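One structure is given here, and the rest of the page talks about it.
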Amino acid sequence: MSRLGILLSGRGSNFEAIADSIEAGRLDAEIAIVISNSPRAKGLERARQRGLRAVCIPSKAMEREAYDRLVVAELREAEVELVCLAGFMRLLSAYFVEEFPQRILNIHPSLLPSFPGLEAQAQALEHGTKYTGCTVHFVDERLDAGPILIQKAVPVLDSDNEESLAARILEQEHVAYTEAIRLVLSGAYRIDGRRVVRTR
């Protein structure tokens, strides 16, 4: 059974969706550790309520690589095989990425490469796009730029504001992350340039 490490900074809804998928038998994996850079992250308490190991490593005023070395040490101690960013509001250093090559996933609330970075829903509304959605991708040193595993499209309604659009995207995020983790754990893919190609 593969061991997952979850990194989060806030409420942890994608973490809980992953945990629910494991409990329901949709994922053959276990969550070895949950790490947050914020002591106030609700996801830490939710992890503890589930009986999971939950660790806070505060990142305030720390240089990026120095912080990442502390996180990687915790992940290694927990024997993590796949790292899942679930609302982790920090860019990873090259050191972190090299420690887990093609074993770090992130989920972003847009159809990348459109609307990377913060406030993706506001960007979609401002640009007047008719569809947005979510993307699960491998992480590299660049912002929201690694090879794409799974995308889910969500229509943008004329009545949408940031909150309503974000809520509908989040529903699809919970589905997409489980699909992406299942694909990675199956090994049934190859990376061809920037493309993730399924092999069965």
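The figures here come from the full heavy-atom set of this structure, side chains too, leaving out hydrogens, waters and symmetry mates. Keep in mind it's a predicted model, so treat the numbers as computed, not measured.
- No chain of hydrophobic side-chain contacts below 4.5 Å, direct or via other Ile, Leu, Val, Met, Phe, Trp or Tyr residues, connects Leu82 to Ile148.
- Between Arg168 and Asp160, at least one side-chain nitrogen of the basic residue sits less than 4.0 Å from a carboxylate oxygen of the acidic one, meeting the salt-bridge criterion.
- What you find for Cys84 and Ile181 is that their closest heavy atoms are SG-CD1, 3.8 Å.
- Leu170 and Ile107 are assigned to two separate hydrophobic clusters, defined by single-linkage of ILVMFWY side chains at heavy-atom distances under 4.5 Å.
- Both Met62 and Val97 are part of a single hydrophobic cluster, where members link through side-chain heavy atoms under 4.5 Å apart.
- Side-chain contact check for Leu112 versus His137: some heavy-atom pair is nearer than 4.5 Å.
- Among all heavy-atom pairs drawn from Leu183 and Ala188, the shortest one is CD1-O, 3.7 Å.
- A distance of 5.5 Å separates OG in Ser186 from CZ in Arg200, rounded to the nearest 0.5 Å.
- Looking only at side-chain heavy atoms (C-beta outward), Val136 and Gln151 stay at 4.5 Å or farther from each other.
- Without hydrogens or angle criteria, Glu119 side chain to Ala122 main chain gives no donor-acceptor distance under 3.5 Å.
- Remark: side-chain polar atoms of Asp192 are not paired, donor with acceptor, to backbone N or O of Arg195 under 3.5 angstrom.
- Taking the six-membered ring for Trp and thresholds of 30 and 60 degrees, Phe88 and Tyr67 have nearly parallel ring planes, at less than 30 degrees apart.
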Step-by-step side-chain contact (heavy atoms from CB on, under 4.5 Å) determination, Arg50 to Asp20: CA-CA 10 Å; Arg50 290 175 179 262; Asp20 287 345; 2.8 Å; yes
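- By the rule that hydrophobic residues join a cluster once side-chain heavy atoms approach within less than 4.5 Å of another member, Val184 and Ile191 end up as members of one cluster.
- A distance of 6.0 Å or more separates the ring centres of Phe115 and His108.
- For Arg103 and Phe138, the positive end is not near the middle of the six-membered ring at less than 6.0 Å and at most 45° from its axis.
- Considering only heavy atoms from C-beta on, Glu179 comes within 4.5 Å of Lys152 through its side chain.
- For the pair Ile169 and Cys134, the tightest heavy-atom approach, listed with the atom from each and the gap, is CG2-CB, 4.0 Å.
- Residues Leu105 and Leu149 form a side-chain contact, since some pair of their non-hydrogen atoms from C-beta on lies under 4.5 Å apart.
- Taking CD1 from Ile18 and NE2 from His174, the interatomic distance works out to 9.0 Å, rounded to the nearest 0.5 Å.
- For Met89, the CE atom sits in a loose shell: 12 or fewer heavy atoms of surrounding residues, nucleotides or ligands are nearer than 6.0 Å.
- Considering all non-hydrogen atoms of both residues, Arg194 and Gly146 come closest at NH2-O, 3.7 Å.
- At least one side-chain heavy atom of Pro109 sits under 4.5 Å from a side-chain heavy atom of Gln121.
- Comment: Arg3 engages Glu30 in a salt bridge, judged by a side-chain N to carboxylate O separation of less than 4.0 angstrom.
- The shortest side-chain heavy-atom distance between Leu185 and Asp28 does not fall under the 4.5 Å cut-off.
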Stepwise salt bridge (charged side-chain N to carboxylate O under 4.0 Å, His left out) check, Glu74 with Arg53: CA-CA 11 Å; Glu74 286 283 355; Arg53 181 179 172 200; 2.8 Å; yes
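- The distance from atom SG of Cys56 to atom CD1 of Ile35, rounded to the nearest 0.5 Å, is 10.0 Å.
- The CG atom of Leu4 sits 11.0 Å away from atom CG of Leu75, with the distance rounded to the nearest 0.5 Å.
- The existence of a salt bridge linking Glu99 and Arg76 is confirmed by a sub-4.0 Å separation between a basic side-chain nitrogen and an acidic carboxylate oxygen.
- In this structure, Arg46 is not positioned above the aromatic face of Phe15 in the sense of NZ or CZ being under 6.0 Å from the six-membered ring centre and within 45° of the axis.
- Within a 6.0 Å sphere centred on OH of Tyr95, other residues, nucleotides and ligands contribute more than 12 heavy atoms.
- Side-chain contact between Leu7 and Val83: present, with at least one pair of heavy atoms (C-beta onward) separated by less than 4.5 Å.
- Smallest separation of non-hydrogen atoms from Thr178 and Ala17: OG1-O, 4.3 Å.
- Side-chain atoms of Thr135 come within 3.5 Å of backbone N or O of Ser110 as a donor-acceptor pair.
- Leu125 approaches Asn161 most closely through the heavy-atom pair CD1-C, 3.6 Å.
- To the nearest 0.5 angstrom, Leu8 atom CG is 5.0 Å from Ser36 atom OG.
- Using a 4.5 Å cut-off on side-chain heavy atoms (C-beta onward), Leu92 and Asp68 make contact.
- Between the Thr199 side chain and the Tyr189 main chain, a donor and an acceptor come within less than 3.5 Å of each other.
- Taking CD of Glu173 as the start and CD1 of Ile150 as the end, the distance is 13.5 Å to the nearest 0.5 Å.
- Under a 3.5 Å cut-off, the side chain of Ser93 and the backbone N or O of Phe96 do form a donor-acceptor pair.
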